[in-house]
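Notes follow once the structure below has been shown.
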Amino acid sequence: MILILKTGATDEQIAHVIARVKDLGMQAHPSRGTYRTIIGIIGDETKLREEPLRAIPGVEEVVPVLPPYKLASLEAHPDPSVIDVSGVKVGGGNLAMIAGPCSVEDEDRMYRIAEQVRAAGANIFRGGAFKPRTSPYAFQGLGVAGLKLLREVGDRYGMPVVTEVTDVRCVDVVAEYADMIQIGARNMQNFVLLTEVGRTQRPVLLKRGMSATVTDLLMSAEYVLSQGNSNVVLCERGVKGFDPATRNLFDVAAVPLVHSLSHLPIIVDPSHATGRPDLIPSCAMAGIAAGADGVHIEVHDCPEVAKSDGPQALLPAQYEELMVQLKSLAELLGKTVSPLPEAFA
Ligand code: PEP
Ligand code: MN
């Protein structure tokens, strides 16, 4: 931590700042310039972070040396983390191809979509049983019945499944049926939910909040990691933009940015980022080209009757075509689309 003092800070103020730093158990190394004095603080920065140092008279600015997230940082873990989702590896050159409908729907449809996305090369099946909807009158999901159906379909096709949890009261039941728990954009900063999901030790798919900075996203990951659950995969799904032409603004730069700051894998979700099937393939390719560790895409065999997000769903045939392109790009980049687990229990 570095303290930059105000121009004209008095000797008494400087002495007081140094005394205050020593009281906190740290060493203070002042450096007096012609106009300003700066004070380097040596010691555990995490202990200092919560101290109101800027409130000490004479202090103008407090400059941290380390990022505020500790466990998520590259300093803590210089190699990329590889997250194991019931046998499907994500990160470190292994790509997750998550696909499925927005919501878990009726049984026949779920089996049909799973079979099609699996044949195209998807390695994790998705579907929301608890849906976070803007309107309380919109379809809210099938709940526990949806979780059970998703599990059955996953088992039938040997695919791990990911589904969203929206409420702390449902964390245990979601952890019971899902291989990976999704925290949606709207709950990215639901800190109680993050803590509870952290306790389960299940892999977590943490989606970026629509108004969240990359630092906010990494701080939310830190909540999960701080519970001893190191299985976090981040997801860039677009942030609020000003142009209604796309549902959100796809922040592809977040992918290499996260990789420069953290060891955690990050995948992209061009479905929610664009809301437009015609733009999804290019954005999926852009995400992988930017270094993403996977792609999350909504697929529905009859979008016009989908219970949620139908207008942004790819048809199975469109998904298949995209997967051909994604696989050749992966090969070009020396990455592997993770194979399905051999012995999926
Ligand atoms: C979803 O995955 O269906 C979803 C609701 O995503 P997000 O939280 O990114 O909006
Ligand atoms: Mn959706």
Side-chain angles (χ1 to χ4, degrees), residues 85 96-105 109-110 113 117 122 124-136 138-143 146-147 150 161-167 170 174 178-190 193-194 197 203-212 214 216-217 220-221 224 232-241 246-252 254-255 258 266-277 279-280 283-284 287 292 294-315 319:
V85 183
M97 293 298 174
I98 303 178
C102 180
S103 295
V104 175
E105 300 191 19
R109 168 153 284 130
M110 293 304 286
I113 300 174
V117 296
I124 299 178
F125 188 53
R126 68 147 281 146
F130 296 98
K131 294 305 302 175
R133 305 306 299 277
T134 303
S135 165
F139 177 64
Q140 303 287 310
L142 297 176
L147 290 179
L150 187 68
V161 295
V162 58
T163 195
E164 180 167 354
V165 67
T166 53
D167 184 330
C170 301
V174 172
D179 299 285
M180 182 178 221
I181 304 177
Q182 177 173 324
I183 299 276
R186 290 156 192 80
N187 273 307
M188 190 207 82
Q189 286 190 314
N190 183 336
L193 189 58
L194 292 168
V197 163
V204 176
L205 179 63
L206 178 60
K207 299 186 93 178
R208 180 180 182 181
M210 51 196 91
S211 306
V214 165
D216 293 336
L217 175 63
S220 290
V224 178
V232 178
V233 175
L234 307 170
C235 180
E236 163 56 40
R237 48 77 73 205
V239 291
K240 282 263 183 229
T246 57
R247 183 174 180 185
N248 287 292
L249 192 62
F250 181 39
D251 182 9
V252 73
V255 172
V258 163
I266 177 164
I267 68 168
V268 291
D269 170 359
S271 299
H272 293 87
T274 67
R276 287 177 46 160
L279 306 181
I280 290 171
C283 291
V295 177
H296 172 283
I297 290 182
E298 288 185 348
V299 178
H300 199 283
D301 63 336
C302 187
E304 68 182 53
V305 300
K307 299 251 189 269
S308 59
D309 284 348
Q312 71 189 28
L314 283 193
L315 291 165
Y319 182 68

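Order of listing sets the numbers, starting from 1, for every ligand and every atom in it. Position 1 is the first residue of the sequence; numbering continues from there.
Taking the side chain as every heavy atom from C-beta outward, R109 and C302 approach each other to under 4.5 Å. D269 places none of its side-chain heavy atoms less than 4.5 Å from the side chain of I98. Two residues are said to be in side-chain contact when any heavy atoms from C-beta on lie closer than 4.5 Å; Y319 and I297 meet this criterion.
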Would you tabulate the polar-atom pairs, meaning N/O of ligand 1 against N/O of the protein, with distances under 3.5 Å, reported to 0.1 Å?
residue  : atom   : partner : partner atom : Å
ligand 1 : 2 (O)  : R126    : NH1          : 2.7
ligand 1 : 2 (O)  : Q182    : NE2          : 2.9
ligand 1 : 2 (O)  : K207    : NZ           : 3.0
ligand 1 : 3 (O)  : R126    : NH2          : 3.1
ligand 1 : 3 (O)  : K131    : NZ           : 3.0
ligand 1 : 3 (O)  : H272    : NE2          : 3.2
ligand 1 : 3 (O)  : E298    : OE2          : 3.1
ligand 1 : 6 (O)  : K207    : NZ           : 2.9
ligand 1 : 8 (O)  : A185    : N            : 2.7
ligand 1 : 9 (O)  : K207    : NZ           : 2.9
ligand 1 : 9 (O)  : R237    : NE           : 2.6
ligand 1 : 10 (O) : R186    : NH1          : 2.9
ligand 1 : 10 (O) : R237    : NH2          : 2.8

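For the pair K240 and S211, the tightest heavy-atom approach, listed with the atom from each and the gap, is CG-OG, 4.2 Å. Taking all atoms of both residues into account, the shortest heavy-atom contact from H296 to P270 is O-CD, 3.4 Å. Here the closest non-hydrogen pair linking I266 and V255 is CG2-O, 4.0 Å. In terms of heavy-atom proximity, M188 sits nearest to L206 at CG-CD1, 4.0 Å.
At distances below 3.5 Å, not a single donor-acceptor pair connects side-chain atoms of D251 with backbone N or O atoms of E236.
Counting only protein N, O or S atoms closer than 2.8 Å to the Mn ion (ligand 2) gives 4.
Salt bridge present: E298 and R126 bring a charged side-chain N and a carboxylate O closer than 4.0 Å.
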